2 protein chains.
Amino acid sequence: MTDRTSATSAGANGGRRSLGAARGGSRAARQPLERPAPLRQAVYDVIAEMIINRELQPGEHLVENELAAHLGVSRQPVREALQRLHNEGWVDLRPALGAFVHVPTEEEADQLLATRTLLETESARLAAKHATPEQVERLRELQRAGEQALSEDSQVALVEANAALHAYMVEMSGNKVLAQLIAMVDRRVRWYYSPIARSRGREAWDEHAALIDVIAGGNSRRAGEIMRKHTERTRESYHQRRKEGGGQDAAS
Amino acid sequence: MTDRTSATSAGANGGRRSLGAARGGSRAARQPLERPAPLRQAVYDVIAEMIINRELQPGEHLVENELAAHLGVSRQPVREALQRLHNEGWVDLRPALGAFVHVPTEEEADQLLATRTLLETESARLAAKHATPEQVERLRELQRAGEQALSEDSQVALVEANAALHAYMVEMSGNKVLAQLIAMVDRRVRWYYSPIARSRGREAWDEHAALIDVIAGGNSRRAGEIMRKHTERTRESYHQRRKEGGGQDAAS
DNA sequence: ACCTTGGCTATAGCATACAGTCGCCGAGAT
DNA sequence: ATCTCGGCGACTGTATGCTATAGCCAAGGT
């Protein structure tokens, strides 16, 4: 009982941690277009990030009170954020027990990768189908960003550039439904294999370059093929590393 | 306001209040295996159903208080149900304004159908790849159920049988991630075009029969092809009917 | 020594209370 | 007559209080 009291009192807007502070200043702004951006969104972002970079480990019990106290908000936004994380497969919600960080299984990882291949392949095909010169130029920009990260040997930048490139290609596809699905799947894929795959680096970005060329040429069939191979190789690399003992991560 | 009230009260059909009552008596039960099955789940089911069968119309403002009152629960489970409905694309959540039943656009419908084709095609391919005789037998059972519905000219049964057949095929694919995506997409697809498509009936079920034969033979490539054509035809039928004036539904 | 059982604690689930915000409408000014 | 501004109602977003349950531990029985 005492702990809960302390937890809530800490959260009782007396010490809004980063979350409240970031919003407090917007008081002056009066534009009708500006959306308040609910707390639960911020809470969701923070928790999701904590899960992704392993601050919260798979299987870990996410106690609403603790999270609320930690973030300086009440349980309510935390609950709603957890719900959303559940819908998107990040946490398991066991009735009357609460939320637990999802524990990835080998099977699931494989299925995710397979599904990703399917979706990304289609995305590439569509992107090639109606690519405009401006879009291609944008792709090349992103490609250069990747090369840069590669030369600087910055893993973080590399992962980011990779995500950006794929994301933009999806956007180019013009299919928002597809984009939504890919967003979900991709994020989880990255979570699964990011700690293992030191990124195929050079190789992967060469493939990207080739892919962009094909897209520029508008050859949708070939674009799809290249993307399939590209993601398949990532998948293979994933399996290989797992066998080699990168298994610190996934599954039991 | 009055019109909406009448709509919802009509939908609540009086008996819906049982949500709370059905659980009240569980006090005596002591089995550890018995899952409490949270209220929000029930609430979600009810609201989703109301949306699907048009008791709640596209664009309609879903006021938390009213839903809560009609269902006999507090706002809390309603909120959480709405969150989930939002993630799955059924309702739009406008900050500080609330939840609105999603308004389908023509573009979106098309993208949904295209995505469905992609996913279902893959599902069929995988199903064919490792189909067991038992599974094939089950498929034929479902097929017979469809034929039955067809001969009885029962639209409801037909839609149900159709859903069951596709769902089982997805299950056969063995890819749970894929299954999850298809479940989401399919449900929305059905929502979009159900009021228009009087189901292609005979024709569609003939295609099903052919598909099952191919799956039984384990020809995955061909299974995928057939499924693609199958769903593409549905798509065409959708567009055709829209142009003919079935546009009472989608978009503005 | 092992199993059973009853109470205890921590925590989720639900309900209720409070506060801030958006949009509307009418009154007053130009 | 039109435009602006201030009050008002409604509803969401957030906080907090309450209750029931799951899991644990210890005490007692077999």
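Residue numbering restarts at 1 for every chain, and letters A, B, ... go by the order of the sequence lines. As the structure is a prediction and not an experimental result, all values here were calculated from the model.
Side chain of A/Arg75, nearest nucleotide from D/dC18, C/dC18, C/dC22: D/dC18. Picking from D/dA15, D/dA22, C/dA15 the nucleotide with the shortest atom distance to the side chain of B/Val73 gives C/dA15. Taking only side-chain atoms of A/Glu64, from C-beta outward, the nucleotide of C/dA12, D/dG13, C/dA15 with the closest atom is C/dA12.
Looking at which nucleotide of DNA chain C each of B/Ser74 and A/Val63 is closest to, the 5′-most match is held by A/Val63.
One atom, CD of B/Glu60, and another, P of D/dC11, lie 13 Å apart when rounded to the nearest Å. The interatomic distance linking A/Arg94 (CZ) with C/dT11 (P) rounds to 15 Å, in whole Å. For the pair A/His86 NE2 and C/dG13 C1', the computed distance is 15 Å after rounding to whole Å. In this structure, CZ of B/Arg40 is placed 11 Å from P of C/dA12, rounded to the nearest angstrom. Atom P of nucleotide D/dG13 and atom OH of A/Tyr44 are separated by 17 Å, given to the nearest angstrom. For the pair A/Gln76 CD and C/dA19 C1', the interatomic distance rounds to 14 Å; values are reported in whole Å. Atom CG of B/Leu97 and atom P of C/dT21 are 13 Å apart (whole Å). In this structure, A/Asp92 places its CG atom 16 Å from C1' of C/dA12, rounding to the nearest Å.
In this structure, A/His61 and A/Phe100 have parallel ring planes: the angle between them is below the 30° cut-off, well short of the 60° mark.
Identified under the salt bridge (Lys or Arg N to Asp or Glu O under 4.0 Å) test for residues 156-176 of chain B, with sequence neighbours left out: A/Glu107-B/Lys176.
Rounding to the nearest 0.5 Å places CG of B/Leu118 at 9.5 Å from OG1 of B/Thr231. To the nearest 0.5 Å, atom NE2 of residue A/His239 and atom CD of residue A/Glu106 are 6.0 Å apart.
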Please enumerate all protein N or O atoms sitting under 3.5 Å from an N or O of nucleotides 7-10 of chain D, with distances to 0.1 Å.
none

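Between B/Arg79 and D/dG13, a side-chain N or O to OP1/OP2 separation shorter than 4.0 Å is present. Residue B/His61 has no polar side-chain atom (N or O) positioned under 4.0 Å from OP1 or OP2 of D/dC11.
Judged by distance alone, the side chains of B/Gln76 and B/Ser74 never bring a donor and an acceptor atom under 3.5 Å apart.
The environment of B/Glu141 atom CD is dense: over 12 non-hydrogen atoms of other residues, nucleotides or ligands sit within 6.0 angstrom.
When heavy atoms are screened at a 4.0 angstrom cut-off, A/Leu62 is found touching the sugar-phosphate backbone but no base atom.
Using modelled atom types, no side-chain atom of A/Ser173 and backbone atom of A/Met169 make a donor-acceptor pair closer than 3.5 Å.
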